[in-house]
Number of protein chains: 2
Amino acid sequence: MAAIDTRQQIVEAADDLFYSAGFVQTSFADIAKAVNISRGNFYYHFKTKDEILDAVIDKRLADRETLLAKWDETADDPVQRIICFIRIVIVNQSKIMAYGCPVGTMTAELAKLNHPSRTRANQIMALFRNWLQRQFGALGFGKDAELHALHVLGWSQGVASLAQAFGDEVYVRREVEQITDWLHEIAVTGRRIPSST
Amino acid sequence: MAAIDTRQQIVEAADDLFYSAGFVQTSFADIAKAVNISRGNFYYHFKTKDEILDAVIDKRLADRETLLAKWDETADDPVQRIICFIRIVIVNQSKIMAYGCPVGTMTAELAKLNHPSRTRANQIMALFRNWLQRQFGALGFGKDAELHALHVLGWSQGVASLAQAFGDEVYVRREVEQITDWLHEIAVTGRRIPSST
DNA sequence: TAAAAATTAGGACAAGCATCCTAATAAGTC
DNA sequence: GACTTATTAGGATGCTTGTCCTAATTTTTA
């Protein structure tokens with residue numbers, strides 16, 4: 001097998017395991033077993049666990065950029081784009097209920113570890129924030145675009161957190177409805193801070 | 001030293017370390033060093049790491065119950081009580097920015113571990129949900145009381161998550177203002193689902 | 001096809017881990 | 001003050017971890 005394929009398989013397996021089991025809890029052996037290669041082979045591609053983490057973060061960044069670019073193309077209305085984001089919590093509901101938000105949980109874990117790559121992991125979160133901010137900007141919000149972006153991003157983290165804790169589908173659906181209503185409301189009103197969240 | 005004191009010190013140190021470093025990442029040695037006792041002494045009080053975890057969860061449950069009871073006493077208006085809850089994200093801001101929400105991050109970690117005590121940890125989250133639900137119930141909300149409770153609880157998790165990721169004080173303050181406004185609004189209107197979140 | 005490079009396998013290592021054990025000491029009891 | 005119990009200390013154990021190394025094998029190159 002070509003080295004690049006092996007490397008890619010390792011990163012994909014690590015990505016999955018870091019998500020489902022966490023970074024600390026996932027061992028070299030776990031990843032090697034998932035890809036069905038020897039530890040020696042593994043070491044050829046990644047010298048340290050931190051190197052794998054960086055590769056996983058790079059992949060996640062790239063994946064999310066691709067996703068956002070797709071939304072930019074397929075939906076030409078900013079409101080519809082933001083709704084694409086909102087609906088992630090429904091589209092990925094089962095995984096979120098089991099493992100939480102991949103971005104949020106990794107951010108939280110690396111923060112507790114005070115891990116060097118903590119900052120890079122936060123960039124994934126920032127990627128969404130900046131994209132959302134651009135959408136709200138396109139809707140005519142100036143200074144408030146960032147606050148709205150953070151509001152929607154924080155909303156998604158909160159929903160993911162409770163979805164994981166309680167596994168309540170009705171709650172998720174209701175929250176999606178509420179924030180969607182809010183979005184339509186402020187999109188029409190425009191350029192003002194909503195009186196309620 | 002009395003055994004109970006030692007035990008209590010162990011649980012307190014474990015509580016802190018589980019919060020600041022995570023459950024998996026915290027070792028017996030870490031806790032023993034924090035309390036300044038030998039591992040042997042440690043083993044006398046707790047046979048397994050899971051036993052310590054259970055003790056920490058018990059303590060957290062008791063602590064939160066005490067806190068909520070205090071709010072029940074000191075504020076006799078349900079709105080003011082809910083605001084007490086909302087303001088946690090400001091009162092504990094520095095710790096939250098460093099380590100996230102103690103309840104949310106433990107829930108997330110134990111879920112990924114698929115840990116036996118996962119369910120018990122979720123009870124802390126449920127404690128807040130039930131308390132909030134009671135407050136909304138006292139405001140005249142029937143069926144919607146639970147949804148409002150989940151809404152506020154999820155809000156707090158989202159704010160904590162972003163506060164940890166970005167360390168943005170302004171964002172936290174704005175969110176507190178928004179949800180407080182929302183609370184006052186629905187408290188006056190009463191018995192209806194808010195059109196916006 | 002021969003030589004060189006890339007890739008893989010799997011054993012070795014020290015460190016850290018949770019856990020267990022025995023012996024010493026302190027506290028309590030009669 | 002003797003004896004029993006509660007508490008503490010610290011070493012031993014077996015396992016897992018990340019990391020490293022060397023030898024085999026495959027792939028590429030000339």
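A, B, ... follow the sequence lines: proteins, then strands. Residue 1 opens every chain.
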Open item on the list: Is it the case that the side chain of B/N122 and the backbone of A/A165 share a donor-acceptor pair, with hydrogens and angles ignored and the cut-off at 3.5 Å?
Closed with: yes
Open item on the list: Taking only side-chain N and O atoms of B/S27, does any of them lie within less than 4.0 angstrom of OP1 or OP2 on C/dC17?
Closed with: yes
TODO: Tell me whether the OP1 or OP2 atom of C/dT8 has a side-chain N or O from A/T6 closer than 4.0 Å.
DONE: yes
Task: Nearest-nucleotide comparison on DNA chain D, the residue closer to the 5′ end among A/D30 and A/G40 - done: A/D30
TODO: Provide, to the nearest angstrom, the distance between the CG atom belonging to A/N41 and the P atom belonging to D/dC20.
DONE: 17 Å
- [ ] Look only at the side chain of A/H184 and the backbone of A/T180, and say whether a donor-acceptor pair between them is shorter than 3.5 Å.
- [x] yes
TODO: Send over the distance from B/R39 CZ to D/dT13 C1', rounded to a whole Å.
DONE: 12 Å
Open item on the list: Expressed as a whole number of angstroms, how long is the span from A/F42:CZ to D/dT22:C1'?
Closed with: 20 Å
Task: Atom pair distance, as rounded to whole Å: CZ in B/R7 and C1' in D/dA6 - done: 15 Å
Task: N/O donor-acceptor pair under 3.5 Å between B/E109 side chain and B/F23 backbone - done: yes
Open item on the list: Is the phosphate of D/dG18 approached by A/T48 (side-chain N or O, under 4.0 Å from OP1 or OP2)?
Closed with: no
Open item on the list: Once you measure the plane-to-plane angle for B/F141 and B/F136, does it fall in the parallel (<30°), tilted (30-60°) or perpendicular (>60°) bin?
Closed with: perpendicular
TODO: Please state how far atom CD in A/Q25 lies from atom P in D/dG18, giving the value in whole angstrom units.
DONE: 10 Å
- [ ] Round to the nearest Å and state the distance from A/I31 atom CD1 to D/dT16 atom P.
- [x] 17 Å
TODO: Measure the distance from OH on B/Y44 to P on C/dT19 and round it to the nearest whole Å.
DONE: 19 Å
Open item on the list: I want to check one thing: is the phosphate of D/dT8, taken as OP1 and OP2, less than 4.0 Å away from some side-chain N or O of B/H45?
Closed with: yes
Open item on the list: Treating B/K95 as the side-chain partner and B/S20 as the backbone partner, does any N or O pair qualify as donor plus acceptor under 3.5 Å?
Closed with: no
Task: Overall bend - the helix from C/dT1-D/dA30 to C/dC30-D/dG1, comparing terminal axes fitted on five pairs, nearest 10 degrees - done: 10°
Open item on the list: Measuring to OP1 and OP2 of C/dC20, would you say a side-chain N or O of B/Y43 lies under 4.0 angstrom away?
Closed with: yes
TODO: Give a yes or no on whether a salt bridge exists between A/K59 and A/D63, defined as a side-chain N under 4.0 angstrom from a carboxylate O.
DONE: yes
Open item on the list: Would B/D30 and B/S27 count as a side-chain hydrogen bond (donor to acceptor under 3.5 Å, both in side chains) here? Give the steps.
Closed with: CA-CA 5 Å; B/D30 290 334; B/S27 70; 3.2 Å; yes
- [ ] Could you state the atom-to-atom distance from CD of A/Q9 to C1' of C/dT7 in whole Å?
- [x] 14 Å
